[in-house]
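Before any comments, here is the structure.
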Amino acid sequence: MINRHVSTCYLLIAVLLSGCNSVKEPQPGPQSEEIPQEVASNVYNLFPGATELVARTFIRDKVWKVNFKQDHSQFVSVLNKTQRLAHAKLLDEQVPETLRRIADSQLIQGGTYTNFREDDSSPGYPQQFCAEYRWNNQNFTIRWVNSVDDWSSLDKAIYMFPETELTYYSSYEELPDKIQSLLIPRYFQPGGAKVYVRNGTPSVFAVGGLTTSLSYNDMLIDDTGKVFFSMMGNIEYYNALDEFPKKIRDYIKNNTAYAPMVYRYGLRFEDGPFGGYRVDLTPAQVMLSRQEVNLYFDKDGNLVETYFTALFRQ
């Protein structure tokens, strides 16, 4: 959607389900440390025969990330004590040419792919695939979705966001305590969050909810507690790119990917000690698709996050 790392304590799940004869004993991992029995039970129930299990705490006492092998394939999952939140199968193959052509037909052509995987991080959407994508001198994750519900009948989608292992949707109660403490004074009724689970950079929580002024607003927060986008506090809308600080204008105008695009929307926000800018760009000419780039900058004009969405029909 974040020490900038979440807890990096690697764990071996060493407890077998009592009385579950269908579960095979896992192979030893690099370290051995206990995790909650409920999490171990959850893993073995969901993934019978899983071996080489290694887990790390993602949100203390609430959410864990687990890597394991099953039927000679590598998997990564995010789980709480009762259910699987996200899951991906790592594929030992190159990104298929059909998927490459889809990306090349959008604004984001020309990147290089690694770590191709089948992803079911968004339940209800069939046949999703992800890969790491080096594009425009930045590291992203690209996701292909073969079926979406859209009012304009654009039935396929590509999403691109900063490099992320998995995404999942979290209830307010399972957000980190630090994130909850930021939301309490701002939201009358906090909603859930889309969570971008990252490795090596701060994970991001895209939070929405009903504010104390009874309006629905969004925030983007990393796991250090830094707010880099908020629709609360003081908002100043800009009608044109030329109204932004020179550092932001120069970044866009000197970037070969963004310079040809058309300014669509933008603003400056101040929310307590936090502040920054958002710029939305779209292609000058688009047929049979809807494409948009969202750029987030800090208050000094430094780029913080980039998100890309394309909805289209094949």
Side-chain angles (χ1 to χ4, degrees), residues 1-8 56-65 78 80 85-86 121-122 138-141 159-236 248 265-280 293-309:
M1 224 305 230
I2 335 184
N3 185 12
R4 293 173 52 118
H5 293 66
V6 294
S7 171
T8 56
R56 70 179 172 96
T57 300
F58 179 61
I59 299 174
R60 191 175 69 176
D61 299 329
K62 297 178 181 179
V63 180
W64 292 261
K65 183 172 79 74
V78 174
N80 60 19
L85 303 173
S121 291
S122 299
Q138 294 177 269
N139 294 323
F140 292 97
T141 293
Y159 302 100
M160 190 176 76
F161 36 84
E163 187 172 344
T164 298
E165 286 191 273
L166 290 168
T167 62
Y168 72 94
Y169 292 93
S170 171
S171 66
Y172 168 77
E173 292 74 19
E174 284 194 334
L175 294 175
D177 294 341
K178 183 181 294 185
I179 305 298
Q180 290 190 26
S181 67
L182 284 168
L183 302 181
I184 289 171
R186 292 171 169 83
Y187 285 99
F188 169 73
Q189 184 179 334
K194 184 173 184 178
V195 183
Y196 295 82
V197 181
R198 297 179 182 169
N199 184 17
T201 59
S203 296
V204 167
F205 300 81
V207 181
L210 191 64
T211 69
T212 54
S213 61
L214 301 184
S215 61
Y216 189 92
N217 279 323
D218 299 321
M219 297 178 72
L220 291 172
I221 312 170
D222 71 21
D223 63 11
T224 69
K226 178 183 177 182
V227 176
F228 61 89
F229 180 70
S230 173
M231 288 298 293
M232 288 173 271
N234 297 319
I235 304 294
E236 180 180 1
I248 295 176
Y265 169 89
L267 57 84
R268 178 182 66 85
F269 81 90
E270 289 183 0
D271 184 354
F274 307 106
Y277 301 85
R278 171 175 167 171
V279 180
D280 291 2
V293 175
N294 313 121
L295 304 174
Y296 296 91
F297 299 85
D298 64 19
K299 61 177 65 177
D300 296 319
N302 302 303
L303 183 69
V304 180
E305 295 268 311
T306 302
Y307 295 82
F308 168 82
T309 301

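If you're wondering where the values come from, they're calculated on a predicted model, not measured in any experiment.
- A cation-pi arrangement is present between Arg278 and Phe229 under the rule of less than 6.0 angstrom and at most 45 degrees off the ring axis.
- A search for side chain to side chain contact (heavy atoms under 4.5 Å, CB included) contacts involving Lys178 returns nothing, not counting sequence neighbours.
- Taking 4.5 Å as the limit, every side-chain heavy atom of Lys194 sits out of range of all side-chain heavy atoms of Val207.
- Atom CZ of Phe205 is separated from atom CD1 of Ile179 by 5.5 Å, given to the nearest 0.5 angstrom.
- The heavy-atom pair separating Phe140 from Met160 by the smallest distance is CB-CG, 3.6 Å.
- The CG atom of Asp218 lies 8.0 Å from the CE atom of Met231; values are rounded to the nearest 0.5 Å.
- The minimum heavy-atom distance linking Ile248 with Gly301 is given by the pair CG1-CA, 3.8 Å.
- No side-chain heavy atom of Trp64 sits less than 4.5 Å from a side-chain heavy atom of Phe58.
- Taking every heavy atom of both residues into account, Arg198 and Pro162 meet most closely at NH2-CB, 3.5 Å.
- Minimum interatomic distance between Phe297 and Val304 (heavy atoms only, all atoms of both residues): C-CG2, 3.9 Å.
- In this structure the side chain of Leu182 reaches within 4.5 angstrom of the side chain of Phe274, judged on heavy atoms.
- Rounding to the nearest 0.5 angstrom, the gap separating the CZ atom in Phe269 from the CG atom in Asn217 is 12.0 Å.
- In this view, Gln138 satisfies the side chain to side chain donor-acceptor pair (under 3.5 Å) rule with no residue, not counting sequence neighbours.
- Between the side chain of Asp222 and the main chain of Thr224, a donor-acceptor pair closer than 3.5 Å is present.
- Between Thr201 and Asn139 the shortest side-chain heavy-atom distance does not fall below 4.5 Å.
- Counting heavy atoms from C-beta outward, Val197 and Thr167 have side chains that stay 4.5 Å or more apart.
- Asp177 and Arg60 are not joined by a salt bridge, as no carboxylate oxygen comes within less than 4.0 angstrom of a charged side-chain nitrogen.
- How far CG of Leu303 is from OH of Tyr277: 14.0 Å, rounded to the nearest 0.5 Å.
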Take Leu295 and Asp280, measure what side-chain contact (heavy atoms from CB on, under 4.5 Å) needs, and give me the verdict at the end. CA-CA 6 Å; Leu295 304 174; Asp280 291 2; over 6 Å; no
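- Look at Lys226 and Glu305 and you find no salt bridge, because none of the NZ, NE, NH1 or NH2 atoms lies under 4.0 Å from a carboxylate O.
- Smallest separation of non-hydrogen atoms from Leu210 and Tyr216: N-CD1, 4.1 Å.
- Note that OG1 of Thr306 is 10.0 Å distant from OH of Tyr296, once rounded to the nearest 0.5 Å.
- Panel note: side chain Thr57, backbone Ile59; no donor-acceptor pair is recorded below 3.5 Å.
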List the steps, then state whether side-chain contact (heavy atoms from CB on, under 4.5 Å) holds for Val78 with Val63. CA-CA 7 Å; Val78 174; Val63 180; 3.3 Å; yes
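- The heavy-atom pair separating Ser230 from Ile235 by the smallest distance is O-CD1, 3.5 Å.
- Using modelled atom types, one side-chain atom of Gln180 and one backbone atom of Glu173 make a donor-acceptor pair closer than 3.5 Å.
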Yes or no on salt bridge (charged side-chain N to carboxylate O under 4.0 Å, His left out) for Arg56 and Glu165, after CA distance, side-chain angles and deciding distance? CA-CA 13 Å; Arg56 70 179 172 96; Glu165 286 191 273; 3.8 Å; yes
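- How far CD of Glu174 is from OH of Tyr169: 15.5 Å, rounded to the nearest 0.5 Å.
- Side-chain contact check for Glu163 versus Asn199: every heavy-atom pair is 4.5 Å or farther apart.
- For the pair Ile184 and Tyr172, the minimum side-chain heavy-atom distance is below 4.5 Å.
- For Thr141 (side chain) and Thr164 (main-chain N/O), a donor-acceptor pair under 3.5 Å exists by modelled atom type.
- Under 4.0 Å is where a charged nitrogen must lie from a carboxylate oxygen, and between Glu236 and Arg268 at least one such pair does.
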